[in-house]
Amino acid sequence: MIGPNSKRSAQAQIAAQGEPMVWLSGGMFAIACLMILSLLAFVLWQGLWTLWPRNYSIYTRNDGSLVGGELYSKHFQDGQNKLYLRVGNYDVSNRHFAYVSSLELADQKPWADPDLWLVERKEWGNLYGFPKELSWTKTTQDHFADQVTQGMRETAKIDRQLAQAKNELKRIDGDIAEARLKIRRVELAEKVDLQRAVESGSVEGLSPAAKRAIEQLADRNRRADDAMVQINERIAELEAKRSGRSILFELPIAQELGTLTAPWSELSAGKLRDVQAVAKLIGVESNASAPAISVEPVGKELLLCKVAVEDQSIRRLWIRRLGETTCSVSGFQEHTILLADVVRFFPTNRLGLFQRLGVYAGRWWEFLSGAPREAGMEGGFFPAIWGTVVMTIIMSMAVMPFGVLAALYMREYAKRGWLLSLIRISINNLAGVPSIVYGVFGLSFFCYIVGGYIDGGPKKAGFEPWPSAVWFSALGLLALLSLVAFAVAVLSGQAEARRSPLRSMLRWAGGLLWLATLAGIVWLLIKSPHFQGFYQAQLPNPTFGKGCLLWAALTLALLTLPVVIVATEEALSAVPNSLREGSYACGAGQWQTIHRIVLPYARPGIITGFILAMARGAGEVAPMMLVGAIPLATDLPLDGEFPFLHGSRSFMHLGFQIYSLGFQSQNSEAAKPMVYTATLLLLAIVTLLNQTAIWLRANLRKRFQSSQF
Amino acid sequence: MAGIITTEAGDGQISANRRLHRRDHSSRAGVYWADRLARAIITVGGIGTIIVVLLVVLVLLANVVPLFRPSHLTDGPLVALASSKDASQELATNSTATNSTVLAFGSDEYSEILWLVRPDQSIDVYSLTDGTHLQRITPPARLDGTMAVGARVAKIDDLQSSVLLGLEDGSVRPILWTIDVSFASVVDLDREMADAILAQAGAPVVRDQTIFRATSEGLIRKVKFVGAEYLDPIPVHAAPIEKVDWVLKSDSSMMASSQKGTWASSTADELAMGQYERQAGGLGAKPKQSAQVWRSKLVGVRAPGSSLDADPPAAVEGLMISGLGDSIQSVDKTGRVSRWSPGENQVLDRDDNYMTITAQLSALSASEPLLGRATLMLGNQAGEIEAVALTTSDSGRELRTIHRIPCSNASIRAIAASPAHRLVVVADKVGGLKVVHVTSERIIAQLDSTKLSDDDQMRFTRTGRELLICNRSGFRRLALDSEYPEASLASFFKPLWYEGYQEPGYVWQSSTGSNEGEPKFSLIPLVFGTLKATFYSMLIAAPIAILAAIFGSEFLSNSWRAKFKPLIELMASVPSVVLGFIGAMVLAPIMRDSLFWVLFSVATTLFLFLLAANLWILIPTERSIPWRKFRLPLMFLIPPAAILLAAWISSPIERWVFGSTMQAWLSDPQQSSWPGWFLLMMLPSALVVVWLFSGPMVGMLEWLADRTGFQGRAVWQTILFLVACVSVILLACATASLCTGLDWDARRGLLGAYQERNALLVGGILGFAIIPLIYTLADDALQSVPQHLRSASLGCGATVWQTTMRVVVPTAMSGLFSALMIGFGRAIGETMVVLMAAGNTPLMDWNPFNGYRTLSATLATELPEASRGSTHYHTLFLAALLLFLFTLVANTLAEWVRLRFRKRAYQL
């Protein structure tokens, strides 16, 4: 078998295996899988790790100054470690994060001070510092934490009262605004300027309704004024109470006051008491004419020196001992914060694992249920989550009936023909249209045309209304048309006994006439001179004539319509025909069959489509940017205030939040950790929905495979 | 029961059925009606989907179509100017017809009143509706009791709130006024007056030199011309002034208001530019005034390109103060345009660099500054108008003719520029009027037989929607309905020459900051950006997705495929905003810091896969078959290994190839272009070598291979692979040297300076988004190839790979194509990724290291800010329509191919 032919075939055999190409294509498969896996791993890691409480570590720089922060990441580049520190204390240092190169550091090992507190604040982000003094009580340092907790509890009570008072104020404001609206309505109806009439004192010529409205307004204003004075007094009192409680902190920021000129070991215990020696050591005497220094040891490794410098401002120097050889000096800065501004505090370096877990859970809870602080960079994402959820639910309620109807029509009712293929082409194209085009459509159609129409009638929507006479004659014509349509429909129904070409013609004509009537009704609505909108009094402020929850939901419903239709159709076609035939054989009508047999069987498939649509809708951001998502909304779209669901409100959206925080906020660097968490949440929601759908679909298949008969 | 039998309805049975209805009326009727109702509702719902699609298209179209609506210029009736009592008296006393001449005229922004400036420095105010005389303002009497010096020329500023007179004695005199416009509600006026106005139903009522008119909002508008303030004449020249131009800028804040006027004036032999400034201190402080004048004698200069030493001086025919107010442009009868700027010692310097002669040498007959005052419009006797503007050029900046538009067969008599758009109205000697959009060189409306006399002057109203033609005895109002003059196919899709640009080009610059900026609406850069995004993402996604689908469908067992499929579907469900965020915030910095590592990883990954395949062959078949289950895990290990390998060796290689770093090389054109060519040539060389080793050289290699034994075949193959690798590198080196030798620079056109947000990065992320889509569809297509074809091929002795390549893939080809098309459609419309990671600069180059701006990103960023109803707003809808059409074409093509494929698959 060593003939040339066999050799050739052996050679050919190796080539025929195509091993390199198999490996290449397998490699591409592996790359695709690795891409998604690494993305998931990255988001999971970043998202979960962000909220974990870390140690606050203090590093010594080569020049003796200190830099401290929570270590967020560390990566090796160009022969040095780059440390990414959350330095906090934004109001003092003007930054949240800092990069530190390991080459700058005198000592690679950080030092975590057990006394350091992390305070999460309502403003300015995290504060790291040593608690020094409480303004409302004298206490030893050991009881600081208890006192602060106690104080926070009391402040929370004050805050609750304050919120109540503010709500009251808001309610009164709302009342007044409502009264104004009433007046405005009367003004619009009577075509007079009541405000001016009242001011000029010419009330005589007005109608009784107008007079009544003026009286009401005056009455309400009077009452509101009294109430407002009271409430404002109460608010001022509470505010004063609230601001009476504060904590004084010493912040460990790097402030280069001086550097130790001698190693720590030279400081004997005796010398430590020697103020002048310390002063000489830290090199402050040269730049201070007569420094008054006092030393007080704090703990084992800390030494606090008070140095009174020329300008009389007292600064604290902080001397730290590390081992026996190096020491360094850096400045403290004092900072007072209101107790009411404290969200959460804990001695971050002293926490045990379970305490850390507790803080972690607390932070997650705040993220999921709290309101945003600092323009969304801190605090919670609840409004965004809630906005996304409400919007998605409204969307699915809108898309569901239409999607199922369309699928039922295509699968159960429509005859094969041009109409059906036209519908299929439409749906395929709907599925392929970029989401931003839906956004453009939604903005133009829903917000400007439909919203404008609801707000201020045809004129606001951009249509010139007909004169009254023309409109009424058109109405008459339309009535006639609908009568004809009805007659034709009745006729075609009458002709059911005979199968004639006339009958099918009549049916077509009837359908077309009904369509024409429908179009006529729409056209008459558009051209009506008698409709001035429901919210004319609010104009020129748009109510529905802008991006808002309702339009966003409807736009998304349109976007997800093909998903629902395709999934429902698939589910319907998976229902075995034998079931339908059996039902007909038992004498059921078509609707009975669909209602009792087909739909229950297809239900899991329909729900799959429903969930897929929700997943698609929840993750879609581009159209949201045009039709109603805003970075910071003051009100929730669904709340306890009548009428509970506020379709005309703009809302916050999880996906849009990722975009706006990461790319449009002033300090996107500071927002990054929050964005990671939001990304994780969004991905988790979408993935969960999708996996549920996939699981459902798999189960559905199994069920039908076993029940085939 | 009979009912059961009759459901399969025949004609007679139905009537039987109906009889049954009567017997069991309640339930049967319910079923019947429920059936009909359900049918009706479901049919309406089904047909509703078509209506919805139509609605999307309709709404887009309804917003686009108005852009292309033709414009019209409609003539109005001649309104005679009623002469007032005192005016006629004055006319009688003066009895000179010259004093009734109109030097300049203007109107307010609501087109209610018209004012005429007369040679005796007086201003007559008329109602624009019917020509009634409202008031007459005369210059304050001079101290010595003499009459005011007659004005020769006058120019109203662009905002029509002041006029500059050029007097007979060579001085200039600004006159300032205000138009008092206020809105009042009905109750504000006294009853009788209000009733009188309301009774007029929209027609104006004149009381007390004020025009009252009821608006459609139910308010009453009052317009009154108040307080003409004659400033002291500023002496400039010794001779009577021939031409003037005048710009007034007002700046008012809470504390003080200042007015800064700039004028240009010329006599027969002198040119001057002056600035006048007045600051009114707050609270009754006395206003401070100052004026400054620069002058120059008009002497002959040598025109550029002319062989003569110096042309004789020619009188100035037109003047234009530049938009910044720092220079003037003059044009003389011969069409020579010069730029002058104020110099030292109050001398006006002619800027020799900024001089041009318009190419058409037939004599100049009209001139007018265009909106924004960057362009001077000239009309000549040959019936053409020309636009002269400062443009950048290789040697700096120069004046050039950027538009030449033939308008008429007769000589141009006058040009008037619109204050709202880049529109001019051109009047010719035979009475034709043409409205021309200058930027797009398009005549948008015309009127042929207007009876224009030599006496007539033209001017647009403040809104630019009306043209006023006025002479001493009356005026006409011509309505111009041109909503979107900037919009035309030419301005969207053709290169246009914009002010300040070196040459005609495609530019998208929708927001210009002010009304005076030139809007640039070329959609080509956006379409280009969209295509660039799609190209790079498909370049990355298509091979990965198709190859992965082939592997997944043909080489993976069913159980494994079922495990991986949810993973790929998970990939499809990742929201694009997440991808954009990861790309821009995580990958972009990595790529910026270590670009070469990233690029090199691609090469090492491919190399390692091929190497692993060749090593796999080395394993004897009897071993390799049981080890086959380790093949997939091995494949999963290779990419990380390749990335680590690249991290290890990329920086020495980068230093060796590029000298320093790749970024530095990219942005420094001084360095040799060899490394770039080497990089670019790698892929073509690899293709050439693969072709050589599998085609022409096979025979030779076989002959060589015959000398070794059977066991060495695999070794031989591996050696061959290594030889191929080396030859790829050598070939790339050779071609790179060749290209460098020919002095082609890869950085011109193909590569370029590195931007952090670039096409390659977005290509990768966008690829991530479309890989699962293409994969799923391609997998479906491959799966639907009938199993018996595979069995037959395998039965004939073909290997799995041969079956795949020669049987499965050709059969599924159209399905694969349709998968690619649908991926293409998705990539075209993807918004968030591009918005976040592509930099969004509307540039046009193929450099993979530079960003771009797509249609979708433009829509997302600009539509919320575009004011509703503006040209910009509607242009964005055109962009959306384009996007829609792109995807429509891609989807329809894919669908058509898919249907054909399905038909073929059924036949097999």
Under 4.5 Å from any heavy atom of chain A, what part of B:Tyr775 do you find: side chain, backbone, both or neither?
side chain
Given 3.5 Å as the limit, does a donor-acceptor pair link the side chain of A:Gln657 with the main chain of A:Leu654, or not?
no
Could you have a look at B:Ser856, B:Ala860, B:Pro864 and say which one has the most heavy-atom pairs with chain A under 4.5 angstrom?
B:Ala860
Whatever's closer than 4.5 Å to a heavy atom in chain B on A:Ile565 counts as side chain
Go through it in stages, so that I can follow the logic: the residues are B:Phe581 and B:Met832, the test is side chain to side chain contact (heavy atoms under 4.5 Å, CB included), and I'd like the CA-CA distance, side-chain angles, deciding distance and then a yes or no.
CA-CA 9 Å; B:Phe581 171 71; B:Met832 292 317 288; over 6 Å; no
Under 4.5 Å heavy-atom distance to chain A, tell me which part of B:Leu60 shows up: side chain, backbone, both or neither.
side chain
Using side-chain heavy atoms (C-beta onward) and a distance below 4.5 Å, is B:Trp801 in contact with B:Glu554?
no
Decide yes or no for B:Phe609 and A:Met28: does some side-chain heavy atom of the first lie under 4.5 Å from some side-chain heavy atom of the second?
no
If the plane angle is over 60° it's perpendicular, under 30° parallel, otherwise tilted; pick one for A:Tyr448 and B:Tyr873.
tilted
Interchain contact, A:Val440 with chain B, by part (heavy-atom threshold 4.5 Å)
both
Should A:Leu405 and B:Val44 count as side-chain neighbours, where that means a heavy-atom distance under 4.5 Å?
no
Top contributor to chain B interface from A:Val437, A:Leu612, A:Ile425 [non-hydrogen pairs under 4.5 Å]:
A:Val437
Report the option among B:Val574, B:Ile550, B:Leu579 that has the most heavy-atom pairs separated by less than 4.5 Å from atoms of chain A.
B:Val574
Within the distance-only criterion (no hydrogens, no angle test), does the side chain of A:Ser421 pair as donor or acceptor with the backbone N or O of A:Leu419 below 3.5 angstrom?
no
Report which part of A:Ala32 has an atom under 4.5 Å of a heavy atom belonging to chain B: side chain, backbone, both, or neither.
both
Chain B heavy atoms under 4.5 Å from A:Leu39: which part of the residue, side chain, backbone, both or neither?
side chain
Find the one option among B:Thr43, B:Val578, B:Ile771, B:Thr892 whose heavy-atom pairs under 4.5 Å with chain A are most numerous.
B:Thr43
Student check: side-chain heavy atoms of B:Thr854 and B:Leu883 closer than 4.5 Å
no
Less than 4.5 Å to any heavy atom of chain B: does that hold for the side chain of A:Gln691, its backbone, both, or neither?
side chain
Applying a strict 4.5 Å limit to non-hydrogen atoms, the region of A:Tyr659 in contact with chain B is both
In terms of side-chain heavy atoms, does B:Ser576 have a donor or acceptor partner in B:Glu830 at a distance below 3.5 Å?
yes
Between B:Leu859 and chain A, which part of the residue has a heavy atom less than 4.5 Å away: side chain, backbone, both or neither?
both
Checking heavy atoms, do the side chain of A:Ile423, its backbone, both or neither come under 4.5 Å from chain B?
both
At a 4.5 Å cut-off on heavy atoms, which part of B:Val586 comes close to chain A: side chain, backbone, both, or neither?
side chain
Mind ranking B:Ser573, B:Pro566, B:Ala880 by heavy-atom pairs under 4.5 Å with chain A and telling me who comes out on top?
B:Ser573
Is there a side-chain contact between B:Leu556 and B:Phe551 (heavy atoms, below 4.5 Å)?
yes
Could you go through the side chain to side chain contact (heavy atoms under 4.5 Å, CB included) check for A:Val627 and A:Tyr438 one step at a time?
CA-CA 10 Å; A:Val627 291; A:Tyr438 283 104; over 6 Å; no
Sort A:Val43 into side chain, backbone, both or neither according to what part of it lies under 4.5 angstrom from a heavy atom of chain B.
side chain
Chain B contact via A:Leu37 - which portion, at a heavy-atom distance below 4.5 Å:
side chain
For B:Asp35, which atoms come within 4.5 Å of any heavy atom of chain A: side chain, backbone, both, or neither?
both
Residue, of A:Gly655, A:Gly662, A:Ala406, A:Ser444, that accumulates the most heavy atom pairs under 4.5 Å with chain B
A:Ser444
Tell me, side chain or backbone of B:Ile544 under 4.5 Å from chain A's heavy atoms, or both, or neither?
both
Does any donor atom in the side chain of B:Glu895 or A:Asn428 lie under 3.5 Å from an acceptor atom in the other side chain?
yes
Report yes if the distance between the aromatic ring centroids of A:Phe29 and B:Phe555 is under 6.0 Å, otherwise no.
no
Interface check, chain A: of B:Asn614, B:Val577, B:Thr887, most non-hydrogen pairs under 4.5 Å belong to B:Val577
Is A:Lys459 atom NZ crowded by more than 12 heavy atoms from other residues, nucleotides or ligands, each under 6.0 Å away?
no
Can you tell me which portion of A:Leu430 sits under 4.5 Å from chain B's heavy atoms? Options are side chain, backbone, both or neither.
side chain
Any B:Arg631 side-chain heavy atom under 4.5 Å of A:Trp23 side chain
yes
Heavy-atom contact with chain A under 4.5 Å, split by part of B:Leu570
both
Do A:Asn429 and A:Ser426 have side-chain heavy atoms sitting under 4.5 Å apart?
no
Only pairs of heavy atoms separated by less than 4.5 Å count here; which of A:Val22, A:Ile658, A:Ile427, A:Val433 has the most with chain B?
A:Val22
Cation-pi check, B:Arg39 onto A:Tyr413 ring (under 6.0 Å, within 45° of axis):
no
Given A:Leu561, A:Leu558, A:Leu689, the one with more heavy-atom pairs under 4.5 angstrom with chain B than any other is A:Leu558
When heavy-atom pairs shorter than 4.5 Å are enumerated against chain B, which of A:Ala407, A:Gly26, A:Gly619, A:Gly432 gives the highest number?
A:Gly26
Side chain / backbone / both / neither for B:Leu611 at chain A, heavy atoms under 4.5 Å
neither
Structural part of B:Thr804 lying under 4.5 Å from a heavy atom of chain A
neither
For B:Val56, is it the side chain, the backbone, both or neither that has a heavy atom under 4.5 Å from a heavy atom of chain A?
both
Quick one: what part of A:Leu420 sits under 4.5 Å from any heavy atom of chain B, side chain, backbone, both or neither?
neither
If I measure from the heavy atoms of chain A, does B:Leu835 come under 4.5 Å with its side chain, its backbone, both, or neither?
side chain
Heaviest contributor of heavy-atom pairs below 4.5 Å to chain A, chosen from B:Met805, B:Lys565, B:Arg826, B:Glu569, is B:Glu569
Does the side chain of A:Phe42 come within less than 4.5 Å of A:Tyr676's, by heavy atoms?
yes
With a 4.5 angstrom heavy-atom cut-off, which part of B:Phe886 approaches chain A: side chain, backbone, both or neither?
neither
Under 4.5 Å from any heavy atom of chain A - which part of B:Leu610:
side chain
Please evaluate residues B:Val31 and A:Trp591 with respect to the criterion side chain to side chain contact (heavy atoms under 4.5 Å, CB included), reporting the C-alpha separation (whole Å), side-chain torsions for both, the decisive distance (0.1 Å), and the verdict.
CA-CA 8 Å; B:Val31 171; A:Trp591 174 242; over 6 Å; no
Among A:Glu620, A:Glu412, A:Met21, A:Met625, which residue has the highest count of heavy-atom pairs closer than 4.5 Å to chain B?
A:Met21
Audit row: B:Val52, A:Phe402, side chain to side chain contact (heavy atoms under 4.5 Å, CB included) steps and yes/no
CA-CA 11 Å; B:Val52 163; A:Phe402 285 101; over 6 Å; no
